[in-house]
Protein chains: 2
Amino acid sequence: MLIEMPRHTEIFGSIKIHEMQRVLKIDSGRFANPRAKDIPFDEIKDILRRFAIIVPVKDEKIHLLDGVLRAIPFDCTIIVVSNSKRDGPDIYKMERDLVSYLHDLTQQEILIVHQKDPDVGLAFHDAGYDHLLHKDGIVRDGKAEGMIIGMLLAKALGKDYIGFADADNYISGSVREYVIDYAAGFCMAESPYSMVRLHWRYKPKVIEDKLYFKKWGRVSETTNKYLNLLMSTHTGFETRVLITGNAGEHAMTTKLADILSYSTGYSIEPYHFVCLFDQFGLGIEDNTDADAAKAGIEIFQIETLNPHIHEEKGDTHVNNMLRGSLQTVYHSKLCNEYVRAKILEELGDILEWEGPKENPIMPPIREIDTSKFMKMLKSSAETFARFEQGAIMLEEEEKREYFKEESFQTVL
Amino acid sequence: MLIEMPRHTEIFGSIKIHEMQRVLKIDSGRFANPRAKDIPFDEIKDILRRFAIIVPVKDEKIHLLDGVLRAIPFDCTIIVVSNSKRDGPDIYKMERDLVSYLHDLTQQEILIVHQKDPDVGLAFHDAGYDHLLHKDGIVRDGKAEGMIIGMLLAKALGKDYIGFADADNYISGSVREYVIDYAAGFCMAESPYSMVRLHWRYKPKVIEDKLYFKKWGRVSETTNKYLNLLMSTHTGFETRVLITGNAGEHAMTTKLADILSYSTGYSIEPYHFVCLFDQFGLGIEDNTDADAAKAGIEIFQIETLNPHIHEEKGDTHVNNMLRGSLQTVYHSKLCNEYVRAKILEELGDILEWEGPKENPIMPPIREIDTSKFMKMLKSSAETFARFEQGAIMLEEEEKREYFKEESFQTVL
């Protein structure tokens, strides 16, 4: 891959935010130049082998999920966390059948589990991590909660990188690009605490019977403005470096995943920044991870070559996203009266604002014994399945081994 | 890549048409199974190095062309044949600047030329190939004519494979998939006379403010029906194997390109089949290439993972395409009275049909001395430019060589 060098990097405490970088060529030819970095495919493949891609899914059209799963490179492990309906038509069952069929064809490692499986809740309870459980012991609804389940499984598999891909993507092949873009980011990273966030080149909208290639959504624009303002009010210098506040398409090192806290609902993505700003923006504080502060946190923002077309979710969704995102900024430790007043003004205009509620926060997952967590799911959770890489071939090899031993014994 | 095996192959004379094959995984893991073929990326890369991708362009949005050029893998050579406006804003100039800029960044080999360059016309005239020239000696308008210019340049470069990619593709990354799909087809081919045609998984249309994922366009459906009928009326067995009659996205071996004739306008793609049917469908005839008849002609039809979204061209375009396509079938040697009557009926309904005109046909390009053709463009055509692979590095190496020699002389 040939990718632009960031022209500028903003440093805020221990956090480095690299300016947006464009993908110049997905398959490049090992020519670098002062403006662009060439990353050989072999290096990208090395990352892919240590990479889990989590696909949260909730009643998505099965065609779309099929395309997304087919687009994720073989070397990655896929973790599907479903929160789909189980009665009426059992959508989860359809998803699992699809996963099993694709594994049969491709032999790629795929895990699947249902978010509401009582045994998943039990495994969290046993791990002493109740923060995403309902009173009845079942995991709450919510994409953030599903993402945490996926991250624990990725950790249990010993993966070094964890990425996310939505299942409602109309351009299947673009998901391949996302994964390669993530990997390219990690190839450039110098710190083991790094994150890659994608910025879509265009997000086409249907406007009167035509496609209009929008570059900026209203929610992103507003969220980014306030996240930048959080930094600016502290450094005294205005910046617009941050352009991926709401990036659902993002990936991070497992080391970084371990020290983050997670917000719920639509605020999980902007909260990554708020959480990092609060921990690392103003020097060492009580909640600062000393090792990470020393190594530094690195954030890459990559502009995809592909445009992004997904399911339209309507105005309520947009307003909820905006409220979730700005609430998270409002309650940042770094948020001063000026920014707070601005946010109230912004939201007052467009929403029936019920006051700046604090989003529930789920603390770091670092202490959870993930191999025990996965073992519990494996032994008891009805909806959990792990299809291993090259399972068919392995079985055959085992068979051969078995027969070899047998014939060996016969000869003896 | 992991790709479905064709479940069925229709044989018609020396022509083998493989049933549509789905892309199961773009990046696979070297596990094959009885239903799917695994093609290692190394094999695909071997093809890419011998591959030229021709991009015909006519006043396309420069953003779209930019995306398409960035998506074509580095190992291929790109040949841009422009028929864009030169006065008012000089669109060709913008395209050439873009090409030069991208070459500067990526070092990929790119050629560009303008279809209406008088020296291009002159080169054709000198080669004794006047079939695409106006009376004034300039090449006619038309995508087919541009495609022929591109093919000659590909041949001059010694390429073994020639493919096409339209410049009005809204999903840039899908062009990468097209090229990889072509290469996968050639990896599967047993005959040196082979062609790969792509079938889009979906072709989304804006229908009332929503995207509707259409699988079949009206033109394709009708063209395919009549091309299949041409075969069926001769074999006596009904078939629906052919589903890519209008595939603008197609590629072929240079050997096959050499023995084909080319129709003009929208009928160029369906005419590939008609031309092959007429030459090879009914055993050896006067116009049959004996070598190709012996080796067999192989046609692969691959269903892309990505959907296809391009510029909407309106009803006149659709009707012209339909007329062009069916005229070509109508004038096939194999077309009997029954099929002719059916075509007249079909077109009568929807068009002001002016009678079944014969599309102008351009004979094979095999006899043209392509290296002389390119030399002429190089020496005189103002719009011709060839940016070579790794030119910057080469220049630097040459400089080093030069200094080395000089210092050598000094020492002497």
A:L69, part contacting chain B, at a heavy-atom distance under 4.5 Å: backbone
Pairwise distance CZ(A:F31) to NE2(B:H103) - rounded to 0.5 angstrom: 8.5 Å
Per-residue contact mode, B:S174 against chain A (heavy atom under 4.5 angstrom): backbone
Gap separating the CD atom of A:Q108 from the OG atom of B:S28, nearest 0.5 angstrom: 10.0 Å
A:G29 versus B:F74, closest heavy-atom pair with distance: CA-CD2, 3.1 Å
Part of B:R70 lying under 4.5 Å from any heavy atom of chain A: both
Under 4.5 Å from any heavy atom of chain A - which part of B:T106: both
Criterion side-chain contact (heavy atoms from CB on, under 4.5 Å) on A:R35 and B:D104, from CA distance to verdict: CA-CA 10 Å; A:R35 282 167 299 165; B:D104 196 29; 3.0 Å; yes
Within 6.0 angstrom of B:K37 NZ, more than 12 heavy atoms from elsewhere: no
CG on A:L305 to OG on B:S172, rounded to 0.5 Å: 4.5 Å
Option in B:L102, B:L105, B:D38 with maximal non-hydrogen atom pairs under 4.5 Å from chain A: B:L105
Close side-chain approach of A:R176 to B:E177, heavy-atom, < 4.5 Å: no
Interchain contact, A:L2 with chain B, by part (heavy-atom threshold 4.5 Å): side chain
Heavy-atom side-chain proximity of A:D75 to B:D27 below 4.5 angstrom: no
Interatomic distance, B:F41 atom CZ to A:K45 atom NZ [nearest 0.5 angstrom]: 9.0 Å
A:I72 versus B:K25, closest heavy-atom pair with distance: O-CE, 2.7 Å
